[in-house]
Amino acid sequence: MTTLKTYDVPDAVDPDGYQLDITGAVTHELQFRRPELEELPSESFTADFACVEGWIAEDCSWQGVCLEHLLDRAEPIASASHALVHAMDGAYACSFPLPRLSNAVLAIDLDGNPLPIEHGGPARLVPTGDADCWESVKWVRELEIVTSPQDDTDTAKSIALSRIE
Ligand SMILES: Nc1nc2c(c(=O)[nH]1)N[C@H]1C(S)=C(S)[C@@H](COP(=O)(O)O)O[C@H]1N2
Ligand SMILES: [Mo]
């Protein structure tokens, strides 16, 4: 059983009519609704989730789509190097080098059920391997493909660290 901490769901999070957009430095800008995500090859893995605030949720069983499949369809242009993963809660966005994003999973299920909105449903980014807790972007609404690192517009770390103390 997942023991992720439950934070308040911001008002800006509205799962009705959910759509994921892939935009920016790609050959094809694409949109996916949940049924379309369900049709893509699925990936599942179980891992502990640890937050820098000091709690750990053991054995979270994520299921979803490997980002590699989404990126392959969008075909990033040759100079594309990074992606900004935007969430529904306002300014929350996290930057990833594309090879790292390719290995991540866009989770739509948790522990065998549709991912609950309080844990980032309809879709949450779950990086594989070592990752910081703020990189697991809840309520993912857009993957903006870009041609340089986006440290200035990466707000996730500072928002997460501002919750400590
Ligand atoms: N969109 C969004 N994603 C987010 C955050 C956030 O504030 N907004 N917080 C991050 C942090 S710091 C943690 S620890 C986890 C918390 O996940 P949980 O709410 O499922 O426990 O979500 C991560 N993803
Ligand atoms: Mo966190």
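Indexing begins at 1, ligand by ligand and atom by atom, following the structure's order.
A 4.5 Å side-chain heavy-atom check between L125 and L143 finds every atom pair outside the cut-off. Residues L67 and S102 fail the side-chain proximity criterion, which asks for heavy atoms closer than 4.5 Å.
The contact set between ligand 1 and A160, taken as ligand atoms under 4.0 Å from a residue heavy atom, comprises 12 (S). Using a 4.0 Å cut-off to heavy atoms of A87, the atoms of ligand 1 that qualify are 1 (N). Heavy-atom proximity to W55, at under 4.0 Å, picks out these atoms of ligand 1: 14 (S), 21 (O). If you number the atoms of ligand 1 from 1 as listed, the ones under 4.0 Å from a heavy atom of C51 come out as 14 (S). When each atom of ligand 1 is checked for a heavy atom of C133 under 4.0 Å away, the hits are 10 (C), 11 (C), 12 (S), 13 (C), 14 (S), 23 (C).
The residues R34 and D16 are annotated as not salt-bridged, no charged nitrogen and carboxylate oxygen being separated by less than 4.0 angstrom.
Residue contacts with ligand 1: S136 is placed with a nitrogen or oxygen under 3.5 Å of a nitrogen or oxygen of the ligand (distance criterion only). Between W139 and ligand 1, not a single N/O pair is under 3.5 Å apart. Close N/O approach between K138 and ligand 1 is found [any backbone or side-chain N/O within under 3.5 Å].
Relative to the six-membered ring of Y18, R141 misses at least one condition, a distance below 6.0 Å or an angle of at most 45° to the axis.
With hydrogens and angles left out, the side-chain atoms of D152 and Q150 include no donor and acceptor closer than 3.5 Å.
Nearest to atom 8 (N) of ligand 1 among the protein's heavy atoms is D89 OD2, 2.8 Å. Scanning the protein for heavy atoms near atom 10 (C) of ligand 1, the closest one is Y92 OH, 3.4 Å.
In terms of modelled atom types and a separation under 3.5 Å, the side chain of S42 and the main chain of V65 share no donor-acceptor contact.
Between R163 and ligand 1 there is a heavy-atom distance shorter than 4.0 Å.
Relative ring orientation between F49 and W55 is described as tilted, the plane-to-plane angle lying within the 30° to 60° band.
Residue nearest to atom 15 (C) of ligand 1, selected from K157, K5, R124, H119: R124 (by heavy-atom distance).
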Please test E53 against K5 for side chain to side chain contact (heavy atoms under 4.5 Å, CB included), starting from the C-alpha separation and ending with a verdict.
CA-CA 11 Å; E53 289 173 35; K5 182 167 163 181; 3.1 Å; yes

